[in-house]
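So the structure is just underneath, and the comments pick up after that.
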4 protein chains.
Amino acid sequence: MARNLKTPEEQTSVAAGAAQSKSERTRARILDAAAQVLSQKGYSGMRLSDVAKVAELQAPAIYYYFPSREDLIEEVMWVGIADMRAHLTKVLDALPDGLPAMDRILAAVEAHLRHELEISDYTTASIRNAGQVPEEIRKRQLAEENKYGEIWRRLFKTAIADGAVRSDLDPFIAQMLVFGSLNWTAEWWNPKRGSVDKVVANAQAFVRSALSA
Amino acid sequence: MARNLKTPEEQTSVAAGAAQSKSERTRARILDAAAQVLSQKGYSGMRLSDVAKVAELQAPAIYYYFPSREDLIEEVMWVGIADMRAHLTKVLDALPDGLPAMDRILAAVEAHLRHELEISDYTTASIRNAGQVPEEIRKRQLAEENKYGEIWRRLFKTAIADGAVRSDLDPFIAQMLVFGSLNWTAEWWNPKRGSVDKVVANAQAFVRSALSA
Amino acid sequence: MARNLKTPEEQTSVAAGAAQSKSERTRARILDAAAQVLSQKGYSGMRLSDVAKVAELQAPAIYYYFPSREDLIEEVMWVGIADMRAHLTKVLDALPDGLPAMDRILAAVEAHLRHELEISDYTTASIRNAGQVPEEIRKRQLAEENKYGEIWRRLFKTAIADGAVRSDLDPFIAQMLVFGSLNWTAEWWNPKRGSVDKVVANAQAFVRSALSA
Amino acid sequence: MARNLKTPEEQTSVAAGAAQSKSERTRARILDAAAQVLSQKGYSGMRLSDVAKVAELQAPAIYYYFPSREDLIEEVMWVGIADMRAHLTKVLDALPDGLPAMDRILAAVEAHLRHELEISDYTTASIRNAGQVPEEIRKRQLAEENKYGEIWRRLFKTAIADGAVRSDLDPFIAQMLVFGSLNWTAEWWNPKRGSVDKVVANAQAFVRSALSA
DNA sequence: AATGAATGAGGATTCATTCAT
DNA sequence: CATGAATGAATCCTCATTCAT
């Protein structure tokens, strides 16, 4: 799952990372296909036959790699955020020590946005279907979401403690408003509408002003 | 569902308005039920039997009021935004002349948020399923979305012309970031998490800072 | 049910005869409508709503006049042949005594054809659906068919005894071949294709030669 | 149903011909079953579950071989006449050159009758439902019917030109009267009522006399 | 005498899933 | 590994029928 690609065009697949055996590559193809169909058709609308068509194989073949439709979906939903969290963690870890709290938040904004827009199938699948998928399936995703949110909570907490964020904002609400701005991009942005860089720059400016004291 | 309340604050049902004859009330009940189920289960997941259960009648009775499942969904999706636009228009029209452009935007923020959180079934149904519903069904909704967006575009344009909004933000992106913050609230807010008033206040403060020069 | 109309244009309804009270006229309208729909859509395809539309009333109103769909169909099927038999009987009774047997057959040919083509809804309904309707419903129709066939059998028997019909033909088969020629006209004839008179003349010439010694 | 017999006389199944792979045999079984049910229950009365029962499989399995109920029916309706035409063409082609025109007509009478009575499910399905099936479905069948009628028209034309047919008969009406005699046999004949040979002999004698100058 | 509203039974169709090959 | 063939469980929708008015 190591992500190291530069151009968004080359990276739409979480599963792509370090594909190895033929079997592993087929499995990855199915997962990618499922993410794509899931993001477009939704939880109930995702048909295995559609996934199969995108993955270029026959529907029953999916059962060789996943025990059931539910398991396949569960993995897509989970992998989406898990990978997002891995990405954010790596980015934050790479930041120089002593960087101001607000700059760390803005780095997180960039990380979140780039991952979302570049791996958009997984992200939109995760986001759009979060409310539609049965409890059972969401468990692992929810746990992962909490961990991801926890990272952001710590960023906010530090920033507030440092006086970098206005005190008149409720921390939780503020964080959710930021999440909303970022998550929503997947609904309106597309490559023809300008570069990811531009979106990132605007979002950073927007968030900085919104939060700054 | 179709409660006949006076104050918009307590209303969960778009269809409630002025329900009159028994027939009209039944139709409204079905529409409300559909919005609820649609927001929870998604376009493909919405079963007419679920809608019927919520509306407290038998599934085939739905066909007495709506020609097909698609028509029912189409109306839910459309009514959600159409009503939102009507609400926003009314609010803006009621504002005193000469009010600063930024204050008008903040009034719009409040109108959007209150409507969204109070009629949340329709809103989340519209939002979550926008990407999953077949083209055919989205037509009227899309037209309505454009009209709604147009209102906001004019608000922004005026504000920018007045120098009330920073010039380093791309107007379209900025508007989308604001929409994201607002729309996303339906995904995380619930009455137990604090009052709508608090969310409105925070969102207004957030947006004002984010946009102000 | 007395039939006494001259022009085919004025007579498509068995039920029309001597319509009296409003109630009886409505009942007749429903019966005619049922014959029409039944002949076009078949036993299973006849929907009460279609019948209602043709009869210009609402479907549930039918139940005021007929206990059930089955009863309505039963009556159409039965009335069709019963009326045909009444017509044939009247025509034969009106023939002068001592008329040659073959001429009596040809009079029957004319009576059968005229009735079939002029009251075609009932006839085609009866004929086309004879094989599709449940046993239960066919009982009265079957009895009537037998009586009708019996009349023809007697005509043939007499003609054979008189030496007016060739002896190399099996009487039953010959009669069925004649019936086929006549019944089939409802499938291909229509007013635009020439007059009923012409069909009658051709059929009489055809049958006379076919059977004559 | 789909029996693999050599002699046409024993064949009840158009689809039987050269059934090969298991898949092809199943498809043929479904087609035969559909013809049978269609002839008995009519267009609207044909339930897929009935077809499935006769074909000895589950209803949804039909969809593995036919895209829809309509397609299945369309094929039955079409195959019935298409096969009839193929049969007639073969018979006529096999006749010696220089055979009198009337003898060619009588050969056609035999071909038509034998095929009709032996493949009777397809024939009665075609005939009884011709007037009930939606336009859409009849297209291919209608085209085939025209081609079939054209063969007969040519036979009649030649016979008339040769003076073998009386000139007082309208050619079209005469042909339809013959068709009626023949087609109607499927409605009354059954193996218990005597041999096909007998019916053929009677029909030929009947038609010869009816048409001869 | 007739209709608006509703229901229950049934039928076509879809789809995840299985299994033999 | 993969597929062709098949099934059982839904789900939408239609329609005869009922009933209060």
Side-chain angles (χ1 to χ4, degrees), chain A residues 21-23 26-27 44-52 55-73, chain B residues 21-27 30 44-52 55-73, chain C residues 21-23 25-27 30 44-52 55-73, chain D residues 21-27 30 44-52 55-73:
Chain A
S21 70
K22 191 196 170 203
S23 176
T26 306
R27 189 178 194 282
S44 300
M46 186 195 97
R47 278 170 289 158
L48 286 190
S49 57
D50 291 345
V51 173
E56 292 177 314
L57 40 70
Q58 302 297 319
I62 295 173
Y63 286 86
Y64 190 82
Y65 299 93
F66 297 89
S68 76
R69 176 178 179 274
E70 303 263 288
D71 285 82
L72 172 56
I73 292 176
Chain B
S21 69
K22 193 195 168 206
S23 179
E24 275 169 322
R25 264 178 289 127
T26 306
R27 191 178 193 281
I30 295 172
S44 302
M46 185 193 98
R47 313 274 167 241
L48 286 188
S49 56
D50 293 344
V51 174
E56 290 178 313
L57 37 70
Q58 302 299 315
I62 295 173
Y63 286 87
Y64 191 79
Y65 297 92
F66 298 89
S68 74
R69 178 179 176 275
E70 302 263 289
D71 284 78
L72 172 55
I73 293 176
Chain C
S21 70
K22 192 195 168 203
S23 176
R25 265 178 287 127
T26 306
R27 190 178 194 281
I30 294 174
S44 302
M46 186 194 96
R47 278 169 291 158
L48 287 189
S49 57
D50 291 345
V51 173
E56 291 177 315
L57 38 70
Q58 302 295 319
I62 295 173
Y63 285 86
Y64 190 81
Y65 299 92
F66 297 88
S68 75
R69 177 180 179 273
E70 303 262 291
D71 285 82
L72 172 55
I73 292 176
Chain D
S21 70
K22 192 193 168 207
S23 177
E24 275 169 322
R25 263 177 289 128
T26 305
R27 191 178 193 281
I30 295 173
S44 301
M46 186 194 98
R47 313 271 168 244
L48 287 188
S49 55
D50 294 342
V51 174
E56 291 178 312
L57 37 70
Q58 303 299 315
I62 295 172
Y63 286 86
Y64 191 80
Y65 297 93
F66 297 88
S68 75
R69 179 178 175 276
E70 302 264 288
D71 283 79
L72 173 56
I73 292 177

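By convention in this document, chain letters (A, B, ...) are assigned in the order of the sequence lines, proteins followed by strands, and residues within each chain are numbered from 1.
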>> Measure CG/B/Leu57 against C1'/E/dG4 and give the value in whole Å, please.
In response: 15 Å

> Relative to the 5' end of DNA chain E, which residue comes earlier, D/Ala59 or C/Ser23, by the nucleotide with the nearest heavy atom?
Replying inline: C/Ser23

> Phosphate oxygens OP1/OP2 of F/dA2: is one of them under 4.0 Å from a side-chain N or O of A/Lys22?
Replying inline: yes

> Which listed nucleotide (F/dG4, F/dC12, E/dT17) is nearest to the side chain of D/Tyr64?
Replying inline: F/dG4

> Of all the choices, E/dG8, F/dC13, F/dA6, which nucleotide is nearest to the side chain of D/Thr26 once you look at every atom?
Replying inline: F/dA6

>> Considering every strand and a 4.0 Å limit on heavy-atom distances, what is the contact class for C/Phe66: base, sugar-phosphate, or nothing?
In response: nothing

> How long is the line joining CG of D/Leu48 and P of F/dT7, in whole Å?
Replying inline: 14 Å

> C/Ser49 side chain N/O closer than 4.0 Å to the phosphate oxygens (OP1, OP2) of F/dC15?
Replying inline: no

> To the nearest angstrom, how far is B/Gln58 atom CD from F/dT18 atom C1'?
Replying inline: 14 Å

>> Rounded at 0.5 Å granularity, tell me how far OG in C/Ser68 sits from CD1 in C/Ile62.
In response: 11.0 Å

> Any side-chain N or O of A/Tyr63 less than 4.0 Å from the OP1 or OP2 oxygen of E/dT17?
Replying inline: yes

> Stems in DNA chain F: runs of 3 or more consecutive Watson-Crick or G-U pairs, distances under 3.5 Å?
Replying inline: E:2-21 with F:2-21

>> Please report the distance, rounded to the nearest Å, between CZ in A/Arg47 and P in F/dA9.
In response: 22 Å

> Taking atom P of F/dG4 as reference, at what distance in whole Å does atom CD1 of A/Ile62 sit?
Replying inline: 14 Å

> Has the side chain of D/Arg69 got a donor or acceptor atom that lies under 3.5 Å from a matching backbone atom of D/Phe66?
Replying inline: no

> Rounding to a whole Å, what distance do you find between D/Leu72:CG and E/dA12:P?
Replying inline: 11 Å

> What is the distance, rounded to the nearest whole Å, between atom OH of D/Tyr65 and atom P of F/dG4?
Replying inline: 12 Å

> Taking the side chain of C/Arg69 as heavy atoms from C-beta outward, which of F/dT17, F/dA2, F/dC15 is closest to it?
Replying inline: F/dT17

> Starting at CD of B/Glu56 and ending at C1' of E/dA6, how long is that distance when rounded to a whole Å?
Replying inline: 15 Å

> Of all the choices, F/dA9, E/dT3, F/dG4, which nucleotide is nearest to the side chain of D/Pro60 once you look at every atom?
Replying inline: F/dA9

>> If we ignore hydrogens and angles and just use 3.5 Å, is the side chain of C/Arg27 paired with the main-chain N or O of C/Lys22 as donor and acceptor?
In response: no

